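A short worksheet on the structure shown next.
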Amino acid sequence: MSVGVQRLREETERIRQGAIDKGEDPAVIDEALAADLRRRTVLGEGDTLRAERNAVSKQIGDAIRGGAAPDGVEIAKLRARSSAVGTRIAALEAEAAEVEARLDDLLLRIPNPADPGIPVGGEEASVIVRTWGEALPRATAHAGALDGSGRWQRRPHWEIGEALGMFDLAAGAKVAGSGFPIYRGQGAALQRALIDFFLALHTREHGMTEIWPPAMVNEASARGTGQIPDKEDQMYVVARDGLYLVPTAEVPVTNIHRDEIIESARLPIRYVAYSPCFRREAGAAGRETRGILRVHQFDKVEMVCFERPDESSEALEWLTARAEVALQRLGIAYRVKLMSTGDMGFTQAKKYDLEAWAPGVEQWLEVSSISNFRDFQARRMNIRWRPQPGASPEILHTLNGSGLALPRTVAALLETYQQPDGSVLVPEPLQGSLGTERLTPV
RNA sequence: GGAGAGGUCGCAUAGAGGUCUAGUGCGACGGUUUGCUAAACCGUUGAGUUGGGUAACCGGCUCCGAGGGUUCGAAUCCCUCCCUCUCCGCCA
């Protein structure tokens, strides 16, 4: 992920302000500009010398073909000259490599500026742009309450899951480790039903192409989406084979088109992919990690879009609405949060979070994050499109969004649909694959 | 995992140290001819980077899977790695 060096030259002040708004140090911008200047100087000198060497080598070839003795005096003089130029070329190439590496490193540390109009500030500056559904209270009046109080207290999802025999966290810890949940019985079936529902929704109704990606990627792919070097500690590594377990389907799916030029007629390309997601979550143990809300392995259906630059803003709204449809069909109340400059992260230009209401714990749980990267990610992966047949290729825009992540959706679903008698009603879209309208304690 | 073959301009193929500024065919695009279609003929045909110019445009350099090496000069020779195909072994 990086801003382009050309854009850095042309829009220096906007990029500088963007870095400041995101709370990053703008000093790297001036360093990068200096490195770029040096780089161009060195490249220019090197090119001139290479042109000279090419000319001399050509003279040698012409002379030999013209009958000159290959080991004669004339040829020897030309060889000596070319050789001397070669030495200077080697020195310039070494410097060019050094300065380009430095420039690349600096560019990587310049954040993607947020779109105009994004609220500036930290977490507190993010704004709720809309809410859908009724955020149920934890306690409601209920004549048949089990404790005879006349009030019914909704339970947190881990209690519901335990009563229904859906999770077996202890067994998961034994088999793999803490944070690797085992889903059992109705819990396992619910996972499968949700994955199928999301995929069917996004393919059949939203026209996306389904992808079933690898669960591991090579280093180039991990670099392409910026997991390396930005989030290297977040990934599980299979060092022996040089592979990384995917932290999200975004990584394998976006890399599908790495180093490609896509004809305009093929755009937009919109994929939806299920994958397991593996995250080390180093240092996250403790707060808010109870149950299945933050785990090392979870399941997610991810949407990935490749768009024409002039259509990506609209695509972000569309993509957000597609994720919202999933929650609406499940009847889960949620709110949409527009992330502020300081809240959205290094790589995004604009980002919405979808937060589902979980009445048992009385929390809004982040179940989806939908982002427009504009050309930031695509430049790193060298994904281009051709605006007109025969025209020069340009970097396209990428977006992605969860549609949705399972664990927190399950939590919100269980807490929303729990009944005073301990059972859980099944939302209509899942009834078919679960084969029941109600989950009952086991 | 073992043995062999191979990776060249969208596709197919030539290329074996200087004549490769990578040829040819197909495709695509433009044009001529044409009642329509087809065909024929002519022409064009990649990417990156950098310099000049307001610009259309013009020039330099780099790129023949990737990275090193030999050489005045590498698609071509040498080394390492990656990928694809065939056969064998193993296996859900």
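Sequence lines set the chain letters: A, B, ... in the order given, protein chains first and strands last, and positions in each chain run from 1. Everything numeric here is computed off the predicted structure, so don't read it as measured data.
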For nucleotides 76-83 of chain B, which of its nitrogen or oxygen atoms have a protein nitrogen or oxygen under 3.5 Å away, and what is each distance?
none

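- Note on residues 423-442 of chain A: pairs passing salt bridge (charged side-chain N to carboxylate O under 4.0 Å, His left out), not counting sequence neighbours, are A:Asp421-A:Arg438.
- Salt-bridge annotation for A:Arg270 and A:Glu307: present, with a side-chain N of the basic residue lying under 4.0 Å from a carboxylate O of the acidic one.
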Only distances under 3.5 Å count here; give the side-chain donor-acceptor pairs of residues 200-208 of chain A to other protein atoms, sequence neighbours excluded, each with its distance to 0.1 Å.
from, atom 1, to, atom 2, distance (Å)
A:His202, ND1, A:His206, ND1, 3.0
A:His202, NE2, A:Gly403, O, 3.0
A:Thr203, OG1, A:Leu199, O, 2.7
A:Thr203, OG1, A:Ala200, O, 3.3
A:Glu205, OE1, A:Arg329, NH1, 3.4
A:Glu205, OE1, A:Arg329, NH2, 2.8
A:Glu205, OE2, A:Arg329, NH1, 3.1

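- Under the rule for a salt bridge (charged side-chain N to carboxylate O under 4.0 Å, His left out), the partners of A:Arg386 that lie at least two apart in sequence or sit in another chain are A:Glu263.
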Do any side-chain atoms of residues 184-195 of chain A form donor-acceptor pairs under 3.5 angstrom with protein atoms, and if so which ones, sequence neighbours left out?
from, atom 1, to, atom 2, distance (Å)
A:Arg184, NH2, A:Asp168, OD2, 2.6
A:Gln191, NE2, A:Asp299, OD2, 3.4

Listing time: all N or O pairs from protein to nucleotides 65-73 of chain B that are below 3.5 Å?
from, atom 1, to, atom 2, distance (Å)
B:rC72, O2', A:Ser57, OG, 3.4
B:rC72, O2', A:Ser82, OG, 2.0
B:rC72, N4, A:Arg79, NH2, 3.3
B:rG73, O4', A:Ser57, OG, 3.1

Nucleotide N/O of nucleotides 59-61 of chain B paired with protein N/O under 3.5 Å:
from, atom 1, to, atom 2, distance (Å)
B:rG60, N2, A:Asp47, OD2, 2.4
B:rC61, O2', A:Asp47, OD1, 2.8
B:rC61, O2', A:Arg50, NE, 3.1

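- Put simply, CD on A:Glu100 is 11 Å from C1' on B:rG48, counting in whole angstrom units.
- Each ring pair (Phe, Tyr, Trp, His ring centres under 6.0 Å) pair with one or both residues in residues 177-196 of chain A, not counting sequence neighbours, appears once here: A:Phe167-A:Tyr183, A:Phe180-A:His296.
- One interatomic measurement links the two molecules: CD of A:Glu93 to P of B:rU49, which rounds to 18 Å at whole-angstrom precision.
- Distance A:Leu107 CG to B:rU49 P: 13 Å, rounded to the nearest Å.
- For A:Asp105, the salt bridge (charged side-chain N to carboxylate O under 4.0 Å, His left out) partners two or more places apart in sequence, or in a different chain, are A:Arg109.
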Check: residues 89-101 of chain A side-chain donor-acceptor pairs under 3.5 Å, at least two apart:
from, atom 1, to, atom 2, distance (Å)
A:Glu93, OE2, A:Arg50, NH1, 2.7
A:Glu95, OE1, A:Arg38, NH2, 3.2
A:Glu95, OE2, A:Arg38, NE, 2.8
A:Glu95, OE2, A:Arg38, NH2, 2.6
A:Glu98, OE2, A:Arg102, NE, 3.4
A:Glu100, OE2, A:Arg39, NE, 3.4

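- For the pair A:Glu263 CD and B:rC29 C1', the computed distance is 12 Å after rounding to whole Å.
- Counting only residues at least two apart or on different chains, no side-chain hydrogen bond (donor to acceptor under 3.5 Å, both in side chains) pair has a member in residues 83-92 of chain A.
- Taking the side-chain contact (heavy atoms from CB on, under 4.5 Å) definition, one finds that A:Ile20 meets it with A:Arg16, A:Gln17, A:Pro26, sequence neighbours left out.
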